Amino acid sequence: MLLYTYGTLKAGRSNHELIKHCKYRGDAFTDKNTTLIVSGLPSLVERPGPGSKGELYEIDAETLRAVDRLEGSPNFYYRKLITVYDFESGAPVEAYT
């Protein structure tokens, strides 16, 4: 399964350690109906805006559970399967975020 990261899980950021063992699949972006908001902590919201650029990782179920624990899902952040677009080809892919 794929994970779309846009904040502290991205390479070089404070929580990347949690997924650094996972296969990096490349950069991706959301459409203009899913926007990155940074107000203290980064969040994706479903509303018109510029979209966001992030990173795709191939993860396993154990890593997904660890990410859910880190993010406080489903009580703080919640996980959702969304369509993102490969930065190189523009091809749509389904990824959790």
Side-chain angles (χ1 to χ4, degrees):
M1 75 186 88
L2 295 176
L3 177 71
Y4 174 76
T5 65
Y6 57 86
T8 64
L9 287 168
K10 288 173 62 174
R13 304 280 175 87
S14 60
N15 289 316
H16 184 70
E17 188 74 20
L18 191 63
I19 62 168
K20 74 175 188 176
H21 66 282
C22 298
K23 181 179 179 183
Y24 170 69
R25 294 280 304 269
D27 289 343
F29 60 93
T30 65
D31 64 24
K32 297 199 181 301
N33 290 313
T34 306
T35 300
L36 178 64
I37 302 294
V38 180
S39 178
L41 296 172
S43 300
L44 283 181
V45 295
E46 293 176 319
R47 70 176 178 201
S52 75
K53 182 180 174 190
E55 300 170 348
L56 279 176
Y57 290 88
E58 207 168 295
I59 64 168
D60 57 25
E62 183 179 333
T63 302
L64 184 59
R65 285 190 297 274
V67 169
D68 281 350
R69 279 191 303 274
L70 172 75
E71 302 291 5
S73 178
N75 299 318
F76 188 69
Y77 282 107
Y78 68 95
R79 174 172 28 105
K80 183 174 182 178
L81 191 61
I82 65 170
T83 300
V84 295
Y85 301 88
D86 180 272
F87 197 73
E88 294 293 319
S89 69
V93 294
E94 297 293 306
Y96 285 110
T97 193

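These numbers come from a predicted model, not from an experiment.
- Judged by distance alone, with hydrogens and angles left aside, the side-chain atoms of T35 form a donor-acceptor pair with the main-chain N or O of R47 at under 3.5 Å.
- At distances below 3.5 Å, not a single donor-acceptor pair connects side-chain atoms of S52 with backbone N or O atoms of T30.
- I19 belongs to a hydrophobic cluster with M1, L3, L9, L18, Y24, Y57, I59, L64, V67, L70, L81, Y96, counting contacts under 4.5 Å between side-chain heavy atoms of Ile, Leu, Val, Met, Phe, Trp and Tyr, direct or through other members.
- Taking a 6.0 Å sphere around OH of Y77, one finds it holds more than 12 heavy atoms contributed by other residues, nucleotides or ligands.
- Contact detail for A11 and E55: the closest heavy-atom pair is N-OE1, 2.9 Å.
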Set out, in order, the CA-CA distance, both residues' side-chain angles and the distance that settles salt bridge (Lys or Arg N to Asp or Glu O under 4.0 Å) for E17 and K20, then state yes or no.
CA-CA 5 Å; E17 188 74 20; K20 74 175 188 176; 3.0 Å; yes
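- Considering all non-hydrogen atoms of both residues, P42 and G7 come closest at CG-CA, 3.9 Å.
- The shortest distance between side-chain heavy atoms of L36 and S43 does not fall below 4.5 Å.
- Here the closest non-hydrogen pair linking E58 and C22 is O-CB, 3.2 Å.
- Residues E94 and T83 are in side-chain contact: their nearest non-hydrogen atoms beyond the backbone lie under 4.5 Å apart.
- Atom CZ of R25 and atom CD of E88 lie 13.0 Å apart (nearest 0.5 Å).
- Within a 6.0 Å radius of CD in E46, other residues, nucleotides and ligands contribute 12 heavy atoms or fewer.
- Note on V45: it does not cluster hydrophobically with V38, by side-chain heavy-atom contacts below 4.5 Å among ILVMFWY residues.
- Partners of Y78 by ring-ring contact (aromatic ring centres under 6.0 Å, His included), not counting sequence neighbours: none found.
- When all heavy atoms of K53 and K10 are compared, the pair lying nearest together is O-NZ, 3.9 Å.
- For the ring-ring contact (aromatic ring centres under 6.0 Å, His included) condition, the pairs that include at least one residue of residues 28-47, sequence neighbours left out, are F29-Y85.
- For the atom pair Y4 OH and I82 CD1, the distance stands at 6.5 Å (nearest 0.5 Å).
- In summary, the side chains of H16 and T5 do not present any donor paired with an acceptor at a separation below 3.5 Å, with no hydrogens or angles considered.
- At distances below 3.5 Å, not a single donor-acceptor pair connects side-chain atoms of T8 with backbone N or O atoms of N15.
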